Novice: 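First the structure, which I've put down as structure tokens, then a few questions once you've had a look.
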Amino acid sequence: MLPSVLRCARPVSTALAFSRPLAHFRPHMDPDPSRPVERAIRTKLTGSLKPEHLEVHNESHMHAVPPGSESHFRVLVVSPQFEGLSLIQRHRLVNEALREELSSCVHALAIQAKTPQQWGSNPSLAKSPACMGGSRGDHTVEEKLKAGRE
Amino acid sequence: MNSLIRSTARCLRAGAAVCLPGQAGGHVSLASARHLCAAAGVLKDLGEMVKKDKVVVFMKGTPAQPMCGFSNAVVQILRMHGVDEYAAYNVLDDQDLRQGVKDFSNWPTIPQVYFNGEFVGGCDILLQMHQNGDLVEELKKLGIHSALLDAEKESK
């Protein structure tokens, strides 16, 4: 538990987020040192699933959490390891790779898990539904955000 | 929820500390024994809860008033298929249930969908099943005729 707390303990500077207006458009394969959780997610998924294509999107700004949060993510993983696996088996592999993050700072994880052939015939990223404000005043989410900030 | 309260109360009266699988052994204080008891009660009840109804959803909020976009997506998809009768449990009402269902399913997020006692997945999986036609087939296996089949017939 302690290593994951320490990993989440690196401060995320909100000033940095606002001073980089093009941050939203940065190529998603680029690791961002100011976003430790995003980096950890990318590293772990790369290590365990050896993806041909990987996208990690921090969608926290779409939800009722403070700017600079790393609590809500969408990942797109394209890997030959998903061949022959059902959707639920694929998602469980992703969940397992990110078990630490999911039990500490990450509150929501949207997953698309495709084989290279599926990605080739439909190279599109799904969109997350509109937030309905459920994270606001949610004690569990507040604890996860604290874990990310401290 | 009444059976959940009853089983938790039974656990507390017995005064036993319950060891959950995966919990470390050792000294258990009274406070954590209560938590373990409540949690054990939740796990036992979840086994019954997911089998009691054909379609069971653990979500944030209620079908009438979802409190999360992902939970709402599940509600909307079921509604599109004409599935109006299902058990929906609001995890925001009960922290033990919220954590308990994640342990029970070994799945880290909410919403969670069960068909005939079997875990199907979350919002992403239900959406993909809806998009690729699998959901109509799975509902058929449950004896539920998807409303989208009628819509298809009408349009032909």
Side-chain angles (χ1 to χ4, degrees), chain A residues 1 41 59-60 62-65 71-77 82 85-114 118 121-122 124-144, chain B residues 22-24 58-77 79-80 90-103 105-115 118-135 137-138:
Chain A
M1 191 62 199
I41 291 175
E59 295 193 331
S60 309
M62 290 166 56
H63 295 273
V65 290
S71 53
H72 297 66
F73 285 88
R74 168 171 290 281
V75 298
L76 165 66
V77 189
F82 292 142
L85 296 185
S86 67
L87 287 179
I88 194 171
Q89 287 168 324
R90 298 179 188 190
H91 285 221
R92 285 201 186 280
L93 282 180
V94 174
N95 288 340
E96 199 48 48
L98 301 178
R99 184 174 274 272
E100 258 187 76
E101 285 70 27
L102 284 161
S103 61
S104 53
C105 3
V106 174
H107 169 74
L109 182 68
I111 300 172
Q112 268 179 281
K114 300 192 175 204
Q118 286 171 329
S121 53
N122 184 13
S124 64
L125 181 74
K127 276 169 84 169
S128 285
C131 172
M132 298 186 81
S135 294
R136 201 172 287 120
D138 185 337
H139 179 64
T140 303
V141 177
E142 280 166 17
E143 275 174 12
K144 289 201 156 173
Chain B
Q23 292 281 344
F58 297 91
M59 60 180 289
K60 294 186 185 172
T62 63
Q65 199 171 16
M67 293 294 289
C68 153
F70 299 106
S71 289
N72 182 46
V74 166
V75 169
Q76 295 304 324
I77 291 169
R79 188 167 292 151
M80 280 175 71
N90 183 358
V91 303
L92 295 178
D93 273 348
D94 183 344
Q95 281 305 310
D96 286 332
L97 177 66
R98 186 173 183 172
Q99 186 54 47
V101 72
K102 292 178 184 178
D103 295 334
S105 313
N106 189 22
W107 190 266
T109 50
I110 305 290
Q112 295 188 12
V113 181
Y114 277 80
F115 286 168
E118 198 180 313
F119 181 59
V120 170
C123 164
D124 298 325
I125 289 179
L126 201 73
L127 179 61
Q128 284 182 68
M129 286 172 69
H130 163 69
Q131 288 169 336
N132 67 19
D134 283 351
L135 185 53
E137 289 307 311
E138 290 303 312

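Note that the structure is predicted; figures quoted are calculated from it, not measured. Hydrogens, waters and symmetry mates play no part in the numbers below; they use all other heavy atoms, side chains included.
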Novice: Highest number of heavy-atom pairs under 4.5 Å with chain A: which of Arg98(B), Lys60(B), Met67(B)?
Specialist: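 It is Arg98(B).
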Novice: Should Val75(B) and Met59(B) count as side-chain neighbours, where that means a heavy-atom distance under 4.5 Å?
Specialist: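 Of all side-chain heavy-atom pairs linking Met59(B) with Val75(B), at least one is under 4.5 Å.
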Novice: Could you look at Asn106(B) and say if it's the side chain, the backbone, both or neither that has a heavy atom under 4.5 Å from chain A?
Specialist: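 Both parts, backbone and side chain.
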Novice: Answer yes when Arg90(A) and Asp124(B) have at least one side-chain N-carboxylate O distance shorter than 4.0 Å, and no when they do not.
Specialist: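 No, no charged N to carboxylate O under 4.0 Å.
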Novice: Need one label for Arg99(A): side chain, backbone, both or neither, based on atoms under 4.5 Å from any heavy atom in chain B.
Specialist: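 Just its side chain gets close to chain B.
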Novice: Given the options Arg136(A), His107(A), Gln112(A), which has more heavy-atom pairs under 4.5 Å with chain B than any of the others?
Specialist: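 Of the candidates given, the most pairs with chain B belong to His107(A).
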Novice: Is there side-chain contact between Leu93(A) and Val77(A), with at least one heavy-atom pair below 4.5 Å?
Specialist: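 No, too far: nothing below the 4.5 Å cut-off.
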Novice: For Gln95(B), is it the side chain, the backbone, both or neither that has a heavy atom under 4.5 Å from a heavy atom of chain A?
Specialist: side chain
Novice: Top residue by heavy-atom pair count (under 4.5 Å) with chain B, among Ile88(A), Leu109(A), Leu102(A)?
Specialist: Ile88(A)
Novice: For Gln131(B), I'd like to know if atom CD has over 12 heavy atoms of other residues, nucleotides or ligands within 6.0 Å.
Specialist: yes
Novice: Highest number of heavy-atom pairs under 4.5 Å with chain A: which of Lys102(B), Gln128(B), Gln76(B)?
Specialist: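 The candidate making the most pairs under 4.5 Å is Gln128(B).
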Novice: Side chain, backbone, both or neither: which part of Ala110(A) has a heavy atom under 4.5 Å from chain B?
Specialist: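 Contact with chain B involves both backbone and side-chain atoms of Ala110(A).
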Novice: Quick one: what part of Leu92(B) sits under 4.5 Å from any heavy atom of chain A, side chain, backbone, both or neither?
Specialist: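 For Leu92(B), the contact with chain A is made by the side chain alone.
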Novice: Within a strict 4.5 Å, meaning less than it, do heavy atoms of the Leu135(B) and Ile77(B) side chains meet?
Specialist: yes
Novice: Which residue is it: Leu127(B), Leu126(B), Ile110(B)? I am looking for the one with a side chain to side chain contact (heavy atoms under 4.5 Å, CB included) to Val74(B).
Specialist: Leu126(B)
Novice: Would you mind checking which part of His63(A) comes under 4.5 Å of any heavy atom in chain B, side chain (CB onward), backbone (N, CA, C, O), both or neither?
Specialist: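 Contact with chain B is through the side chain of His63(A) alone.
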Novice: Taking side chain as C-beta onward, heavy atoms only, is Gln89(A) less than 4.5 Å from Phe82(A)?
Specialist: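 Counting from C-beta outward, Gln89(A) and Phe82(A) never come under 4.5 Å.
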